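Down below is the structure, laid out as structure tokens.
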Amino acid sequence: MKPTQGANKWWNRPFNKKIKWTTLEHNGVLFPPPYEPHGVKMLYDGQPVELPPDAEEIATMYASMMETDYVRKDRFNANFFKCFLKALPADHPIKDFTKCDFRPIWEFVKKRAEEKKLERKKPEVKKQLKEEKERLQQVYGYALVDGYLEKVGNYRVEPPGLFRGRGDHPKSGLLKKRIQPEDVVINIGHDVPIPKPPPGHSWKGVVHDNTVTWLACWQDSISGHMKYVFLAANSRFKGFADMQKYKKAQELKKYIDKIRKNYNEELTGKTLTERQRATAIYLIDKLALRVGGEKDPDEEADTVGCCSLRVEHLEFKDNNTVTFDFLGKDSMRYYNTVTLDPRAYKNLKEFCKGKKPGEQVFDTLTTQKLNDHLKSLMPGLSAKVFRTYNASITLQNELRNPSDQKTITPQDTINAKILYYNRANRMVAILCNHQRSIPKGHETQMEKLNQQKANVEKELEEVKAHLEWVKKGKKGKAPPNSFSDKPRTDSVERLEKKVETLEKRLENLYTKLTLKDEGKTIALSTSRINYMDPRITVAWCKRMEVPLEKIFAKSLLAKFPWAMEVPSTWEF
DNA sequence: TGCGCGACTTAGAAACTTTCTG
DNA sequence: CAGAAAGTTTCTAAGTCGCGCA
């Protein structure tokens with residue numbers, strides 16, 4: 001089948017919720033290269049030991065992680081060692097983790113990586129690698145869906161490795177097994193060529209399910225969950241759903257007064273069930289909490305959301321104030337002290353009364369019940385819509401009337417406009433608790449900037465003194481010059497110019513220092529990609545005469561084509 | 001009718017690429 | 001103009017949610 005000519009303006013085409021496609025063609029998935037044994041021996045009890053290839057592969061996985069924090073965790077080491085032993089014959093001398101020394105392999109891996117890096121710098125090698133990457137992209141990177149060529153998101157099968165769970169994960173360090181074609185199910189249209197599995201292999205299965213959007217799937221050996229190969233974010237499958245998400249959040253704006261009235265009334269409801277439900281929805285709305293489903297402590301890290309909050313996560317203060325302190329998604333800490341509606345405060349206290357720290361606050365509530373209730377208030381409403389709604393409305397408000405500074409005009413510089421947008425974006429990220437770890441070397445970079453600042457300040461002082469000295473007729477000794485061996489100019493004009501340059505540089509340094517430090521733990525990208533309605537940004541850029549590509553990277557521009565046509569006056 | 005699980009969205013870290021700066 | 005920093009993409013873990021099945 002040949003691709004349809006003409007632009008794929010999927011947002012103008014109808015999309016059936018149930019039947020996702022009528023024809024589907026693609027070339028399957030790309031497997032990682034097989035493991036090649038290197039023969040470098042690890043030490044056991046100080047002696048070099050022979051390892052079968054499977055065990056060597058696992059040992060090498062561990063060795064290549066020796067500079068990460070993972071290997072300092074007992075659980076990671078224990079889980080790794082259990083899997084490592086399983087790959088060794090029963091009569092193998094290795095029995096005790098503490099006698100293992102993986103450093104020879106670590107050194108080998110490090111050296112090999114450096115050599116590879118050096119090799120890749122050579123222009124001819126660079127070119128060859130680029131061409132090979134493009135060739136694979138051509139083969140596996142596209143699917144033909146209902147006649148339109150669409151990009152595939154993740155066509156590479158995940159390589160084996162030691163599981164890197166987030167936070168204190170019970171399974172961290174376990175071996176994530178190599179996926180074989182025999183593990184992979186292909187989903188593809190009827191009457192089109194079925195992708196060939198690698199020679200000597202066969203697929204686990206081939207299905208033709210047009211009610212789903214995945215092209216291939218396999219079972220993850222760590223969690224037992226399915227992993228899927230999907231189309232990219234700019235595809236109709238992903239894009240249409242994303243557009244619907246923002247339209248639903250916008251729909252919530254029409255219902256929000258009614259919904260807030262409802263839960264405010266139910267905060268003093270007759271039944272405990274009602275009060276718990278109302279209090280949870282209040283928190284989800286006010287604090288942008290996730291709904292918080294149940295988790296299995298043997299399978300997953302201990303993290304919570306709203307419904308799964310425990311007594312130990314709340315600390316009651318005076319004046320209706322509560323401190324929330326818990327680990328949320330990805331084990332990111334949510335730490336926030338907030339003053340609540342007195343009724344909500346009273347309810348939370350009531351729910352916690354007489355319970356042990358490890359008990360659930362909302363013991364009569366489930367995510368199912370909460371979402372069922374939301375559906376009775378607005379069609380299709382669920383807890384996560386509140387995050388999208390509140391993120392979007394916050395961005396819009398902060399761009400239109402910022403809470404902590406004066407608004408910007410089209411006459412301001414492009415740099416000022418970008419900083420202004422980022423500040424609004426930062427408010428959203430804080431609301432959603434989108435964090436990142438402090439970038440590597442942040443402290444050194446801050447020190448460096450501070451040193452620069454001190455230097456510029458000192459130089460400015462000296463130049464100013466010199467200028468003064470010249471203006472007053474060069475009486476006495478010239479002021480010190482710590483920044484050059486050559487004597488400083490005596491030209492008033494050039495000295496004044498120098499003062500100006502230094503002052504400008506100093507101002508830039510001040511802004512940079514503040515922004516860098518304030519933003520060191522805040523991730524802006526998550527809200528930009530997933531939460532803030534792109535139409536708000538498009539309209540603002542039009543009003544402020546900011547080229548959209550200054551705000552949205554190439555991939556985001558490609559993800560939101562449906563949002564581009566809104567007028568500058570558009571409102572969420 | 002509750003609940004497990006399939007399918008899909010959301011998440012930060014790591015890897016890679018581009019831009020800035022001294 | 002090289003090395004650092006900033007920006008962007010890739011990777012895959014970790015959530016949400018609705019549906020189908022007992």
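Below, chains carry the letters A, B, ... as their sequence lines are ordered, and counting in each starts from 1. Because the structure is a prediction, the values reported are computed rather than measured.
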>> Taking the minimum atom-to-atom distance to the side chain of Lys384(A), which one of dT9(C), dG15(C), dT16(C) wins?
In response: dT16(C)
> Hey, does Lys171(A) reach any base, or is it just sugar-phosphate, or nothing, if we go heavy atoms under 4.0 Å?
Replying inline: nothing
>> Under a 3.5 Å cutoff, is there a donor and acceptor pairing between the side chains of Ser527(A) and Asn425(A)?
In response: yes
> Which nucleotide in the list dG18(C), dT9(B), dG15(C) gets nearest to the side chain of Ala241(A)?
Replying inline: dT9(B)
>> Applying a 4.0 Å non-hydrogen cut-off, can you work out what Lys295(A) is touching in the nucleic acid: base, sugar-phosphate, or nothing?
In response: sugar-phosphate
> Atom CD of Glu294(A) and atom C1' of dG15(C): how far apart are they, to the nearest Å?
Replying inline: 15 Å
> What is the nucleic acid contact for Lys550(A), judged by heavy atoms within less than 4.0 Å: base, sugar-phosphate only, or nothing?
Replying inline: nothing
> Heavy-atom contacts under 4.0 Å between residues 177-188 of chain A and DNA chain C, which residues?
Replying inline: none
> Quick one: is the NZ or CZ of Lys238(A) closer than 6.0 Å to the six-membered ring centre of Phe230(A), and within 45° of its axis?
Replying inline: yes
>> Assuming nearest nucleotide by heavy-atom distance, tell me which of Val385(A) and Lys133(A) is located more 5' along DNA chain C.
In response: Lys133(A)
> Could you give the NZ-to-P distance, from Lys554(A) to dT19(B), as a whole number of Å?
Replying inline: 11 Å
> Taking the side chain of Asn530(A) as heavy atoms from C-beta outward, which of dA11(B), dA7(B), dT8(C) is closest to it?
Replying inline: dA11(B)
>> Any residue in residues 149-170 of chain A with a heavy atom nearer than 4.0 angstrom to DNA chain C? Just list them by number, or reply none.
In response: Arg156(A), Glu158(A), Pro159(A), Phe163(A), Arg164(A), Gly165(A), Arg166(A), His169(A)
>> I'd like to know if the side chain of Arg528(A) pairs up with that of Asn422(A) as donor and acceptor (distance under 3.5 Å, no hydrogens or angles considered).
In response: yes
> What about Lys238(A): does its side chain form a donor-acceptor pair under 3.5 Å with the base of dT9(B)?
Replying inline: no
> Where each residue is assigned the nucleotide of DNA chain B containing its nearest heavy atom, which of Arg436(A) and Lys559(A) is assigned the position nearer the 5′ end?
Replying inline: Lys559(A)
> Is Asp220(A) salt-bridged to Lys176(A), going by a charged N under 4.0 Å from an acidic O?
Replying inline: no
> What integer distance in Å separates Lys227(A):NZ from dC11(C):C1'?
Replying inline: 10 Å
> Would one find a side-chain N or O of Ser555(A) under 4.0 angstrom from OP1 or OP2 of dT9(C)?
Replying inline: yes
> When we call it a touch if two heavy atoms are under 4.0 Å apart, what does Lys369(A) touch: a base, just sugar-phosphate, or nothing?
Replying inline: nothing
> Base, sugar-phosphate, or nothing for Gln435(A), non-hydrogen atoms under 4.0 angstrom?
Replying inline: sugar-phosphate
>> Can you give me the closest heavy-atom contact between His169(A) and Glu300(A), atom names plus distance?
In response: NE2-CA, 3.9 Å
>> What contact category does Thr303(A) fall into here, base, sugar-phosphate, or nothing, at under 4.0 angstrom with non-hydrogen atoms?
In response: sugar-phosphate
>> Heavy-atom nearest nucleotide on DNA chain C for Lys329(A) versus Phe552(A): which residue maps closer to 5'?
In response: Phe552(A)
> To the side chain of Val291(A), which of dT16(C), dA11(B), dC8(B) is closest?
Replying inline: dT16(C)
> Quick one: on DNA chain B, does Tyr70(A) or Tyr531(A) contact a more 5' nucleotide (nearest heavy atom)?
Replying inline: Tyr531(A)
>> Can you see whether Tyr335(A) has Arg333(A) sitting over its ring - NZ or CZ less than 6.0 Å from the centre and within 45° of the normal?
In response: yes
> Rounded to whole angstrom units, what separation is found between the CD atom of Glu67(A) and the P atom of dA15(B)?
Replying inline: 12 Å
> Should the heavy atoms of other residues, nucleotides or ligands under 6.0 Å from NZ of Lys126(A) be counted, would the total exceed 12?
Replying inline: no
> Which of parallel (below 30°), tilted (30 to 60°) and perpendicular (above 60°) describes Tyr155(A) and Tyr140(A)?
Replying inline: parallel
>> In whole Å, I'd like the distance from the NE2 atom of His225(A) to the C1' atom of dC17(C).
In response: 14 Å
> Would one find more than 12 heavy atoms of other residues, nucleotides or ligands at under 6.0 Å from atom CD of Glu294(A)?
Replying inline: no
> Is a side-chain donor-acceptor pair under 3.5 Å present for Tyr148(A) with Ser235(A)?
Replying inline: no
> Among dT9(B), dA14(C), dA13(C), which nucleotide sits nearest the side chain of Asp330(A)?
Replying inline: dA14(C)
>> Can a side-chain donor-acceptor contact be found between Asn371(A) and Ser382(A) if the only test is distance below 3.5 angstrom?
In response: no
> Across the strands shown, which category fits Ser437(A) at heavy-atom distances under 4.0 angstrom: base, sugar-phosphate, nothing?
Replying inline: sugar-phosphate
> For Asp330(A) and Gln435(A), does a side-chain donor sit closer than 3.5 Å to a side-chain acceptor?
Replying inline: no
> dC11(C) P sits how many Å from Asp220(A) CG, rounded?
Replying inline: 16 Å
> Hey, does Lys130(A) reach any base, or is it just sugar-phosphate, or nothing, if we go heavy atoms under 4.0 Å?
Replying inline: nothing
> Looking only at side-chain N and O atoms, does Thr526(A) come under 4.0 Å of OP1 or OP2 in dG12(B)?
Replying inline: yes
> Can you tell me how far C1' of dT9(B) sits from NZ of Lys248(A), to the nearest Å?
Replying inline: 12 Å
> Does dG18(C) have OP1 or OP2 sitting under 4.0 Å from an N or O in the side chain of Lys375(A)?
Replying inline: yes
> Separation of Leu327(A) atom CG from dG12(B) atom P, in whole Å?
Replying inline: 13 Å
> Nearest of dT12(C), dT10(B), dA11(B) to any side-chain atom of His434(A)?
Replying inline: dA11(B)
>> Base, sugar-phosphate or nothing for Thr213(A)? Non-hydrogen atoms, less than 4.0 Å.
In response: sugar-phosphate
